[in-house]
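Each ligand, and each atom within it, is numbered from 1 in the order the structure gives. Nothing here was measured: the structure is a model prediction, and the numbers come from that model. This chain uses plain numbering: 1 for the first residue, then up along the sequence.
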Amino acid sequence: MPLSTQLPTPMNAFTPLRTLLRAATLVAGFTLAGCATLDGYTATTPPSPAPLRGEFGAFVEGLWPEARAKGVSRATFDRAFAGIQPDPSVVALTRKQSEFVQPIWAYLNSAAAPERVAKGKAAAQKYADVLARIERQYGVPRSAVLGIWGMETNFGSFTGGKDVIRSLATLAHEGYRGDFFRNELVVALQILEERHIARDRMTGSWAGAMGQTQFMPSSFMKYAVDFDGDGRRDIWNSVPDALASTANYLKQHGWQPAAPWGVEVEMPHNFRFVHRRQSLAQWAQSGLKRAGGGALPASSAEAYLFFPAGVRGPAFLLTDNFIAIKAYNSSDAYALGVAHLGDRSVGGPALAGRWPVTEPHLTKQQTEEVQRRLNAMGFDNGDPDGRIGTKTREAVRRYQEKYNLIPDGYPTPALLERMRLASN
Ligand code: CA
């Protein structure tokens, strides 16, 4: 039984048994998710809930004109917010994003941990037919779909038990990330209005991502598909719907059927960093080989070199399909986790390269210093946050190129020392 932070919604006198269960679960502090499927589908009008009071109530009421303009009825609106208060645990979670703070090898080790890979292989087998149909229809390989499913919910084992309306309302009320969550909240109301899911079953992550592959409400509206043919786009309970929706998402974000996401590579000795981006065939001519042995995939797809932990660690060539995965979550570590877990789930090998675990690494504070120094030298990489994201890697790479260093885009203590000395 999934635990839920959900507060009760107004009851209609539909099922006495359900009412009893609801009353019982109120005492226990959780709801029985499976017992509330009829909310939102019944023609019975529920009694009007009491309006929310206080500053949060005023915030919610302030959403009404926008919701109404988007076609949300007052009944849906009131039922959505009945009894809702901000969720303090959601506010606390806004300060955590593990893919940025863990070293990448720790992140990838847990992304493709043996038990998870075993689960992925079992899922690949169980849904082989569905995945084959998805590949044919969307041109997205099963590995990518499985990778996202595994990274998002461990293949459906944890889809998040938080009340999506409450989470989104909390984040919107906080003003977290500008208007992003406020907009998602209004779309969530539209989803309820269109009866894609019952109010009580609209659960998800603390950030409002829903279902097997964790779609935000706006992604649901744009990309969710009905693949099992029952007339509903049910990303919460239908694995075929959720996986096809994910493939559709990747396709709409530019997935190229003929290209891999990328490949782990081995650099030849005395490799010259002349090219930034060229076709896989040209990279092969430049002397790159598949890590662990073998030729690169024969493909005209363009790819760029990527060193997640610097030139002393594993190296990858990444195509635009990797960028499509990053549309799901912009972290390089996340996208690499998706790609690698997906490959492992369809029988691919473990990574061949060694991570530089014993090399000195920058602390968060030192990374911030590198970022500040890069900005001061004109290598813009946004607000210093102590996280090595795409912008910082790119700025480091340009700095390294300018000073004839190996342009691996990875800041180290030695690089910081160099910057400090140069500024004296
Ligand atoms: Ca369906």
Among Gln212, Lys126, Lys119, find the residue that satisfies the side-chain contact (heavy atoms from CB on, under 4.5 Å) test when tested with Phe155.
Lys119
May I ask you to check whether Asp408 and Gln400 show a side-chain donor-acceptor distance below 3.5 Å?
yes
Just distance, no hydrogens or angles: give the donor-acceptor pairs under 3.5 Å from side chains in residues 129-148, sequence neighbours left out.
from   : atom 1 : to     : atom 2 : distance (Å)
Glu135 : OE1    : Arg142 : NH2    : 3.0
Glu135 : OE2    : Arg142 : N      : 2.7
Glu135 : OE2    : Arg142 : NE     : 2.9

Kindly give the atom name of the N, O or S atom of Asp228 closest to the Ca ion (ligand 1).
OD1
Measuring from the Ca ion (ligand 1), name the closest N, O or S atom belonging to Asp241.
OD2
Do you know which N/O/S atom name in Asp230 is closest to the Ca ion (ligand 1)?
OD1
In Asp226, which N, O or S atom comes closest to the Ca ion (ligand 1)?
OD1
Ring centres under 6.0 angstrom apart (His275, Tyr304)
no
Can you confirm whether the side chains of Thr392 and Asn381 place a donor and an acceptor under 3.5 Å from each other?
yes
Kindly confirm whether the Ca ion (ligand 1) is within less than 3.0 Å of some N/O/S atom in Arg232?
yes
